[in-house]
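The structure under discussion appears below in the form of structure tokens.
Quick note on labels: first sequence line is chain A, next is B, and so on, each numbered from 1.
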2 protein chains.
Amino acid sequence: MNDLQWDVIGNRVRSARVAAGISARELARRIGVSPSHVSQVERGIGAFSVPALYAAAREIDISLHDLFDPPQEAPPAPAPATLQDLDADGVVQRAGQHPTIQLSDGPRWSRLNVAAEADAEFLEVIYQPGTRVLPDYIRHEGREYGIVISGALDVEVDGVRTTLNAGDSIVFDSQRPHRFWNESEAEVRAIWFVRDSEPGDAAPHA
Amino acid sequence: MNDLQWDVIGNRVRSARVAAGISARELARRIGVSPSHVSQVERGIGAFSVPALYAAAREIDISLHDLFDPPQEAPPAPAPATLQDLDADGVVQRAGQHPTIQLSDGPRWSRLNVAAEADAEFLEVIYQPGTRVLPDYIRHEGREYGIVISGALDVEVDGVRTTLNAGDSIVFDSQRPHRFWNESEAEVRAIWFVRDSEPGDAAPHA
DNA sequence: AACACTGTTCAGTGGCACGATACATTGAGT
DNA sequence: ACTCAATGTATCGTGCCACTGAACAGTGTT
């Protein structure tokens, strides 16, 4: 009967825990077990009891169903037109091939997704030194995710400003007033993902 | 730790078993435990282990979610309070602060969004040289957007493979079989955005 | 009188779910 | 350099409880 594969379940626990942003020790404390045991479980050399598993699933925000039977597609059915060539089929886009917009006296935007999509934009943005602030840019529903690849980017969100250095990331709702500029001497390179969401389907969890 | 109330769970097991029309002995035989143990569990003076509970839930046709009480509802929605500090308020996350997971013999994931979100992940992934493919990682509905920051990443989507060099980007639906690995001598750094979408509102595409 | 089912009881045990305590590593702050 | 405070991991050990086995009693059949 013991056909449960604790190692893959442990992997899912670890993934969900990291996704929830808590450490193994913190999880252990919350569910009342020792850190070593959490480590063992996540690496497949131990297993949670039912109460521990239930408590853990709560803390790391994963349903028991997803722990045991993660959503997976049916292999026979999909047949979504097999790809031929990743470049020709619009999956891959090469550096330098991205459609680019150079705003006058502003940053340079390159759209990284090949085909335009209604509700999502994947962008590389280059802010030249001294790039001026865009006064008030389009206000839209959604959420923005960014990471600075190189350089130092000055940001202001909701009236609060800070400086993002290489590796720093930022996430905020688009309706907050926000602007970015580059006060440094070097150009700034950043990756942005902007998702437009219809009002009403906001993720309803803590 | 939350003391699971085994008696009420046992009651649900019994109800579901009777509703499924099988005897306790039959259930015991199917899940590989003794009849006495099933009896004890159903009367709350014993408890199933995780594998037994999982197997039992299958046999008596009840979801694990229904076995345990409806967990809990989310706390009241926070007001859109004005931000005070971009770092403290979970908008900005500094380099090196990202929660990171190192899969054994696999890539290293860092979550770039500060708080976990139900339907979106913003990730930096470092593929060490020679990183092997993880065959059985979580398969989800949605769409993935990636750009290689440095190094050369080998990708295979829908059975077609190519190599992404620095600056190359890729976008595809998650349900296409896909994997990534690093055949080069240098580590690869990439930024990913993975959006999970509930089946049903998928954007129509080829 | 057997059967053939049903669920229940209870003493007993083996395994594993767990803890205590170590260690290695990394990043931040002297 | 040296802490200090985190992180995850390794190893050894043990107490408990998930489970068994063999009994028990009841209810219909034939």
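With sequence neighbours left out, the side-chain hydrogen bond (donor to acceptor under 3.5 Å, both in side chains) criterion links B:Arg25 to no other residue. Taking B:Glu59 as the reference, B:Arg30 meet the side-chain hydrogen bond (donor to acceptor under 3.5 Å, both in side chains) condition, with sequence neighbours excluded.
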### Query
Dot-bracket, DNA chain C: Watson-Crick or G-U, under 3.5 angstrom, [ ] crossing, | other strand?
.||||||||||||||||||||||.||||||

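Applying side-chain contact (heavy atoms from CB on, under 4.5 Å) to A:Val188 and the options A:Val125, A:Leu153, A:Leu164 leaves one that passes, A:Leu153.
As rounded to whole Å, 7 Å separates atom P of C:dC18 from atom CZ of A:Phe48. Nucleotide D:dA6 holds its C1' atom 16 Å from the CG atom of A:Leu27, rounded to whole Å. Atom-to-atom, CD1 of B:Ile22 to P of C:dC5 comes out at 16 Å; the value is rounded to the nearest Å.
Using a 4.0 Å heavy-atom criterion, one finds that A:Ser23 contacts the sugar-phosphate atoms exclusively.
For C:dT6, neither phosphate oxygen OP1 nor OP2 lies less than 4.0 angstrom from any side-chain nitrogen or oxygen of B:Arg17.
Residues in residues 18-37 of chain A take part in these ring-ring contact (aromatic ring centres under 6.0 Å, His included) pairs, two or more places apart or across chains: A:His37-A:Phe48.
The shortest side-chain heavy-atom distance between A:Leu53 and A:Phe68 falls under the 4.5 Å cut-off. Looking only at side-chain heavy atoms (C-beta outward), B:Ile191 and A:Trp192 stay at 4.5 Å or farther from each other. Taking the side chain as every heavy atom from C-beta outward, A:Val171 and A:Arg143 approach each other to under 4.5 Å.
When all heavy atoms of B:Ile60 and B:Val13 are compared, the closest pair comes out as CD1-O, 3.8 Å.
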Nucleotide N/O of nucleotides 8-11 of chain C paired with protein N/O under 3.5 Å:
| unit_1 | atom_1 | unit_2 | atom_2 | d |
| --- | --- | --- | --- | --- |
| C:dT8 | OP2 | B:Arg14 | NH2 | 2.8 |
| C:dT8 | OP2 | B:Ser39 | OG | 2.9 |
| C:dT8 | O3' | B:Arg43 | NH1 | 3.3 |
| C:dT9 | OP1 | B:Arg43 | NH1 | 3.2 |
| C:dT9 | OP2 | B:Arg43 | NH1 | 2.2 |
| C:dC10 | N4 | B:Gln40 | NE2 | 2.8 |

Can you pull every protein N or O that's under 3.5 Å from an N or O on nucleotides 25-28 of chain D?
none

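Taking the six-membered ring wherever Trp is involved, the centroid distance between the rings of A:Phe193 and B:Tyr145 falls below 6.0 Å.
Between the side chain of A:Asn182 and the backbone N or O of A:Ala186, at least one donor-acceptor pair lies under 3.5 Å. Counting only distance, with no hydrogens or angles, the side chain of B:Arg43 and the backbone of B:Gly10 share no donor-acceptor pair below 3.5 Å.
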